[in-house]
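Below: one structure, written as structure tokens.
Sequential numbering from 1 along the given sequence is applied to the chain's residues. Note that ligands are numbered from 1 as they come in the structure, with each ligand's atoms numbered from 1 the same way.
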Amino acid sequence: MPQHRIHNFNAGPAALPLPVLEEIQASFLNFNQSGMSITEVSHRSKWFDDVINDAVARTKRLLKLDDRYHVLFLQGGASLQFAMIPMNLLKDGESADYVNTGTWATKAIDEARILGKQHRVAASSKDKDFSYIPKNIAFDPKAVYVHITSNNTIKGTQWAAYPETGGVPLVADMSSDFLSRPFDASKFGLIYAGAQKNIGPAGVCLVIIREDMLQKTPDNLPTMLKYTTHASKNSMYNTPPCFGVYTIQLVLKWLEETIGGLDKMAAINQQKASLLYRTIDASQFYRGTAQADSRSLMNVTFRLPSEDLEKKFIEEATKNDFGGLKGHRSVGGCRASIYNATGLKSVEALVDFMKAFEQKNG
Ligand SMILES: *Cc1c(COP(=O)(O)O)cnc(C)c1O
């Protein structure tokens with residue numbers, strides 16, 4: 001029997017590819033002839049070993065990572081990485097540069113400050129309510145890393161091209177655009193992404209760390225907070241988030257085998273975002289909130305002429321099977337999150353709905 005599925009524009013946890021959910025459902029009671037669910041097998045078993053090794057291998061293939069990179073599956077969300085990064089990478093007397101492009105970047109900076117780590121905000125877009133990505137930033141050549149947020153989920157901005165750092169390794173929070181497009185990973189010392197936006201369910205944070213960054217981990221940290229602990233045990237020092245890792249593995253397989261890799265995924269994402277932004281730009285009714293050259297291909301943020309109309313828009317959208325269009329509670333307005341798993345057909349349906357709503361209310 002066909003299930004009722006809505007057009008899912010949630011910001012996170014967010015849509016997952018339907019074939020992935022169907023595969024989970026089909027193998028849920030008997031994973032790989034084990035006679036057990038994936039949620040029942042030991043993380044020390046061959047069954048789980050194959051899952052996590054395949055997830056690592058696919059991540060490396062998709063991003064063309066060389067042997068210096070370790071792929072880890074950690075808990076504590078992207079938010080724990082805000083603290084683990086300065087704890088592991090910054091020694092006394094060393095400093096890091098941060099670019100403040102919104103709520104999540106601010107939280108990352110806050111953790112460096114709480115830990116008493118030397119850091120500098122090299123650039124910020126706070127002056128214009130985080131509506132743009134700063135350009136031509138002068139970074140400290142002695143910085144241990146430059147921290148950026150590749151996509152700003154709440155304000156709907158995204159780095160179109162990553163900044164020139166003069167050789168200082170980039171550290172990036174890619175929670176909301178990880179694997180949405182190809183990029184040159186060799187400039188990055190560390191990449192992290194809470195899975196629940198673009199690659200899986202909540203409960204896992206994928207971390208990619210380069211060997212030279214890994215070697216910075218000091219001895220005097222709690223075991224669970226050291227990258228070296230997790231890297232030396234293939235993310236199985238303790239029980240990993242098994243179901244989350246398994247779901248990520250299936251999403252990566254879908255990306256490689258069904259979509260056909262990151263170039264193809266990026267082209268689809270570009271098409272979806274262009275359709276929405278064209279609709280917004282052609283209208284006197286909808287108004288985009290991010291500056292045009294900084295617009296996110298993942299989170300399309302927009303306003304209507306009044307808060308009352310925004311409320312009505314979201315109510316009617318919900319009745320018509322469009323979910324998740326309310327802006328983040330801190331900023332209001334509307335937001336369509338169009339991650340990898342939200343298909344072009346859903347975006348086309350949303351655009352039709354937006355045009356009809358404007359006709360009636362504009
Ligand atoms: C959602 C989000 C976070 C927070 O992730 P958690 O896994 O909930 O800690 C951090 N950064 C960005 C860019 C996000 O979109």
Side-chain angles (χ1 to χ4, degrees), residues 8-16 72-87 98-112 114 124-126 130-134 145-160 162-163 170-181 183 188 190-208 224-225 230 235 240-241 243-245 247-248 251 269 273 289-290 294-301 324 326-331 333 335-342:
N8 188 346
F9 295 95
N10 278 337
L16 285 167
L72 311 177
F73 300 94
L74 308 184
Q75 299 187 62
S79 299
L80 184 59
Q81 294 309 305
F82 298 159
M84 273 179 75
I85 288 162
M87 282 174 122
Y98 281 75
V99 183
N100 191 2
T101 51
T103 310
W104 298 115
T106 303
K107 289 192 172 183
I109 295 163
D110 284 346
E111 294 298 314
I114 289 165
S124 166
S125 52
K126 199 172 178 190
F130 297 119
S131 60
Y132 70 102
I133 300 290
Y145 60 84
V146 168
H147 182 282
I148 60 168
T149 311
S150 62
N151 183 74
N152 299 281
T153 324
I154 295 173
K155 295 290 185 180
T157 64
Q158 185 179 29
W159 292 81
Y162 293 123
L170 280 166
V171 167
D173 177 358
M174 291 199 187
S175 293
S176 51
D177 68 353
F178 186 61
L179 301 182
S180 69
R181 58 181 179 179
F183 61 92
F188 291 80
L190 192 151
I191 293 164
Y192 60 105
Q196 71 275 16
K197 303 325 190 331
N198 217 8
I199 57 163
V204 200
C205 183
L206 191 149
V207 175
I208 297 170
M224 281 296 286
L225 297 180
H230 302 288
S235 304
F243 181 73
V245 174
T247 308
I248 291 173
V251 171
N269 285 332
T289 60
S294 304
R295 282 172 162 175
S296 168
L297 304 186
M298 297 277 102
N299 308 97
V300 178
T301 50
K326 202 166 186 286
H328 190 267
R329 61 188 186 282
S330 63
V331 296
R335 170 177 57 177
S337 297
I338 45 173
Y339 301 124
N340 289 353
T342 298

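In the model, Gln158 has no side-chain atom that pairs as donor or acceptor with a side-chain atom of Asn152 under 3.5 Å. Under the 3.5 Å distance criterion, with hydrogens and angles disregarded, no donor-acceptor pair is assigned to the side chains of Asn269 and Tyr339. No side-chain N or O of Thr149 forms a donor-acceptor pair with one of Asp173 less than 3.5 Å apart.
A search for ring pair (Phe, Tyr, Trp, His ring centres under 6.0 Å) contacts involving Phe130 returns nothing, not counting sequence neighbours. With sequence neighbours excluded, no residue satisfies salt bridge (Lys or Arg N to Asp or Glu O under 4.0 Å) with Lys197. Under the salt bridge (Lys or Arg N to Asp or Glu O under 4.0 Å) criterion, Arg295 pairs with Asp281, sequence neighbours left out.
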For ligand 1, list all ligand N or O to protein N or O distances below 3.5 Å, rounded to 0.1 Å.
{"residue": "ligand 1", "atom": "7 (O)", "partner": "Ala78", "partner atom": "N", "Å": "3.0"}
{"residue": "ligand 1", "atom": "7 (O)", "partner": "Gln196", "partner atom": "NE2", "Å": "3.0"}
{"residue": "ligand 1", "atom": "8 (O)", "partner": "Gln196", "partner atom": "NE2", "Å": "3.4"}
{"residue": "ligand 1", "atom": "9 (O)", "partner": "Ala78", "partner atom": "N", "Å": "3.2"}
{"residue": "ligand 1", "atom": "9 (O)", "partner": "Ser79", "partner atom": "N", "Å": "2.8"}
{"residue": "ligand 1", "atom": "9 (O)", "partner": "Ser79", "partner atom": "OG", "Å": "2.6"}
{"residue": "ligand 1", "atom": "11 (N)", "partner": "Asp173", "partner atom": "OD2", "Å": "2.6"}
{"residue": "ligand 1", "atom": "15 (O)", "partner": "Thr153", "partner atom": "OG1", "Å": "2.5"}
{"residue": "ligand 1", "atom": "15 (O)", "partner": "Lys197", "partner atom": "NZ", "Å": "2.7"}

